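Below is one structure, written out as structure tokens; the observations come after it.
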Number of protein chains: 2
Amino acid sequence: MPVESRADEKLRWGIVGTGGISQQITADFSLVGNADVVAVASRHASSADEFADAFGIPTRFDDYSKMLDSDIDAVYIGTPHVTHFELARAALERGRHVLCEKPIGLNAAEVRELAAIASESGAFLMEAMWMKFNPLYARLHQVVDAGAIGEIRSVRSSFGAPFPQDDSSRWKPGGSALLDQGIYPVTLSHMFLGEPSNITATGVIREDAVDLSQNYTLNYSGGRFAHGASSMVEFLDQSASLSGTGGWITIDTGFWFASRLTVHRFSVEKGETTETIETTREGNGYVPMLRAVTASILNGDVEHPLHTMDETARVFDTLDEIRRQITPNGKAWS
Amino acid sequence: MPVESRADEKLRWGIVGTGGISQQITADFSLVGNADVVAVASRHASSADEFADAFGIPTRFDDYSKMLDSDIDAVYIGTPHVTHFELARAALERGRHVLCEKPIGLNAAEVRELAAIASESGAFLMEAMWMKFNPLYARLHQVVDAGAIGEIRSVRSSFGAPFPQDDSSRWKPGGSALLDQGIYPVTLSHMFLGEPSNITATGVIREDAVDLSQNYTLNYSGGRFAHGASSMVEFLDQSASLSGTGGWITIDTGFWFASRLTVHRFSVEKGETTETIETTREGNGYVPMLRAVTASILNGDVEHPLHTMDETARVFDTLDEIRRQITPNGKAWS
């Protein structure tokens with residue numbers, strides 16, 4: 001049931017889950033313009049009430065299904081990883097458009113199944129890969145496309161931080177440094193080099209399959225490569241860089257939400273020249289993604305070209321292979 | 001024949017080879033104080049003459065052996081890689097102290113053989129790993145030893161640049177991105193993490209065994225790792241970083257000769273704090289190494305504690321394994 005263009009309307013969003021990321025996203029929805037957060041759902045009525053009161057949301061539910069059956073157009077899913085697949089499926093099967101926090105599934109099979117369900121339903125589906133919508137990345141693509149560093153030959157990026165040992169889902173089955181932090185380096189690598197021909201990975205994974213840290217090399221033809229690393233138990237330099245035949249570009253620390261990059265360009269005439277490009281962060285940084293997704297849905301699109309489900313699934317192919325290699329019994333956890 | 005302390009004298013140096021690196025080193029010798037460059041040797045009399053005239057060196061030779069037999073204390077060897085072993089051996093066997101441009105040999109076996117020859121002769125021997133003598137690295141060690149970033153868990157560094165396709169030894173057998181550029185990332189990794197327990201490497205190597213590019217992961221116990229990359233055919237982000245349990249340190253571009261690093265430190269109380277440390281480069285950057293080596297020799301030492309032959313050989317063990325893995329027939333080139 002394709003949606004007709006409703007570009008002059010406001011899209012009615014429901015928020016699934018009331019954790020920190022849902023709060024950041026909901027705050028940013030207020031800056032989008034043609035989006036209204038009209039409902040929120042939590043398994044706990046008190047959490048839903050508190051969240052709804054804090055953000056002035058008219059309707060609250062203590063049951064996700066009830067919200068999915070209510071008068072909403074789309075949902076943002078901000079619950080723990082392990083619940084994403086079932087909640088996204090439930091929403092899609094009711095014809096609700098879905099923006100699902102990353103990781104959209106636990107493995108490539110889940111991602112492809114969700115994509116098929118979305119196709120069947122005609123609803124919009126996207127993983128909330130906000131990095132791709134960061135205005136700095138639009139500038140990055142412009143600079144790269146203009147040939148500033150020639151052909152891209154390598155990408156390096158990492159995201160690690162020792163998260164507090166608390167009661168959060170991070171430390172329970174389904175929690176994963178690879179899926180929570182590593183998805184950024186892997187997505188960045190795919191953005192600029194595509195699918196690797198060969199992967200090598202090492203890492204630390206607990207017996208309950210919660211992976212704590214990993215580093216990985218994605219190899220491509222002709223000596224091109226991407227190196228990434230992720231960890232929830234130690235810091236890892238949070239910058240990134242792309243290197244090419246004509247120079248390299250460094251993205252500031254917190255590369256996935258950064259607002260500054262530096263182009264190091266080399267020429268025989270001028271030697272090294274550097275150029276710094278800065279962009280402005282709107283709200284908590286999710287506004288450009290929320291605006292783009294809202295516009296896509298109102299336009300009747302079923303996915304957004306910046307982060308298609310096909311591309312998302314290919315990223316998960318890489319994540320799956322990394323997990324397989326760092327799992328002692330050699331079997332992918334799923 | 002151990003040398004007695006001559007700390008109040010001037011050491012008489014001879015320069016072997018008249019290429020670009022010999023010129024930079026010779027210029028820096030003039031800033032050392034207790035070192036005199038008294039001779040230079042080249043296979044070509046005209047090159048030796050030109051070099052000697054340019055730097056005001058009294059004696060010039062068109063034969064390396066003749067210079068080794070002349071009235072000098074020590075030699076700096078700045079000729080192509082493939083000649084280092086034989087020239088260093090010839091000097092050591094005559095009791096001349098040796099500072100040899102990196103790579104001091106082509107493989108670990110050569111390095112260990114030179115170390116044995118040096119022990120036998122009682123002469124000083126060191127690879128010219130100037131990075132370790134860069135005053136920024138003294139500050140780096142201070143910061144790390146003071147626990148600024150906790151336990152070091154990973155190191156990343158790379159050095160790549162598309163060198164002109166000229167007639168230089170870089171493009172001939174014995175030339176090597178691994179030995180010329182890669183020796184810096186590998187040495188840096190060994191400095192802070194030691195010998196790896198496992199190595200994975202990929203790269204591009206020509207049929208004549210000249211390796212053009214490579215990237216490598218050195219793995220250590222408990223998920224610690226170092227990633228490095230080197231190339232003579234493309235740029236690679238020339239910065240480096242060390243990451244730990246408490247933050248990370250980024251060394252500016254040209255990490256091996258850089259004069260600035262930034263410490264990213266995290267604490268519950270203060271969140272992220274950054275500190276920038278800058279040092280001053282003296283001459284072309286070789287002065288601190290030349291001064292330290294000159295002082296060591298005048299002091300009667302046979303090696304310098306910052307870059308012992310044992311540590312050098314361990315770096316070459318890693319370089320050998322990387323080369324073995326990127327060589328199609330699986331055999332180390334030597």
Side-chain angles (χ1 to χ4, degrees), chain A residues 149-158 160-162 164 177 197-198 200-205 211-217 219-229 231 233-250 253-254 262 264-266 268 272 274 326, chain B residues 149-158 160-162 164 177 197-198 200-205 211-217 219-229 231 233-250 253-254 262 264-266 268 272 274 326:
Chain A
I149 59 166
E151 182 203 352
I152 294 192
R153 302 281 306 162
S154 64
V155 174
R156 68 139 182 97
S157 53
S158 54
S197 53
N198 168 271
T200 57
T202 56
V204 178
I205 188 164
D211 59 82
L212 303 180
S213 66
Q214 53 275 141
N215 79 84
Y216 26 92
T217 302
N219 288 298
Y220 299 82
S221 62
R224 294 172 301 142
F225 71 94
H227 184 262
S231 176
V233 292
E234 69 228 313
F235 284 103
L236 286 163
D237 172 0
Q238 296 175 2
S239 70
S241 71
L242 316 177
S243 296
T245 50
W248 68 89
I249 296 169
T250 305
T253 181
T262 305
H264 298 258
R265 203 183 305 218
F266 292 78
V268 175
E272 180 178 2
T274 63
I326 69 171
Chain B
I149 59 166
E151 181 203 353
I152 293 192
R153 303 281 305 162
S154 64
V155 174
R156 68 136 182 99
S157 53
S158 54
S197 53
N198 168 271
T200 57
T202 55
V204 178
I205 188 164
D211 59 81
L212 303 179
S213 66
Q214 52 275 141
N215 79 84
Y216 25 92
T217 302
N219 288 297
Y220 299 82
S221 62
R224 294 172 301 142
F225 71 94
H227 184 263
S231 176
V233 292
E234 69 228 313
F235 284 103
L236 286 163
D237 172 1
Q238 296 176 3
S239 70
S241 71
L242 316 177
S243 296
T245 50
W248 67 89
I249 296 169
T250 304
T253 182
T262 305
H264 298 258
R265 203 183 305 220
F266 292 78
V268 175
E272 180 178 2
T274 62
I326 68 172

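These figures come from a predicted structure and were not determined experimentally. Chain letters run A, B, ... following the sequence lines, proteins first and then strands; every chain starts at 1.
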**Request:** Please state whether the rings of A:F225 and B:H227 are parallel, tilted or perpendicular, taking 30° and 60° as the class boundaries.
**Result:** tilted
**Item:** Contacting region of B:S231 [heavy-atom separation from chain A under 4.5 Å]
**Value:** neither
**Asked** Non-hydrogen atoms of chain A under 4.5 Å away: do they reach the side chain of B:Q238, the backbone, both or neither?
**Response** both
**Message:** What I'd like to find out is whether the side chain of A:S154 reaches to under 4.5 Å of the side chain of B:N215, using heavy atoms alone.
**Reply:** no
**Prompt:** Under a 4.5 Å cut-off applied to non-hydrogen side-chain atoms, are A:S239 and B:R156 in contact?
**Reply:** yes
**Fill in**
Heaviest contributor of heavy-atom pairs below 4.5 Å to chain A, chosen from B:T245, B:I249, B:N219, B:T250, is B:N219
**Prompt:** Which word best sums up how the rings of B:F235 and A:W248 line up, parallel for under 30°, tilted for 30 to 60°, or perpendicular for over 60°?
**Reply:** tilted
**Request:** Please determine, among B:I326, B:T200, B:T217, B:L242, the option with the most heavy-atom pairs under 4.5 Å with chain A.
**Result:** B:T217
**Asked** Given a strict heavy-atom distance threshold of 4.5 Å, which part of B:D237 is in contact with chain A: side chain, backbone, both, or neither?
**Response** both
**Request:** Between chain B and each of A:E234, A:H264, A:E151, count heavy-atom pairs under 4.5 Å; write down the option with the most.
**Result:** A:E234
**Request:** Working to the nearest 0.5 Å, report the span between OG1 of A:T253 and CD of B:E272.
**Result:** 6.0 Å
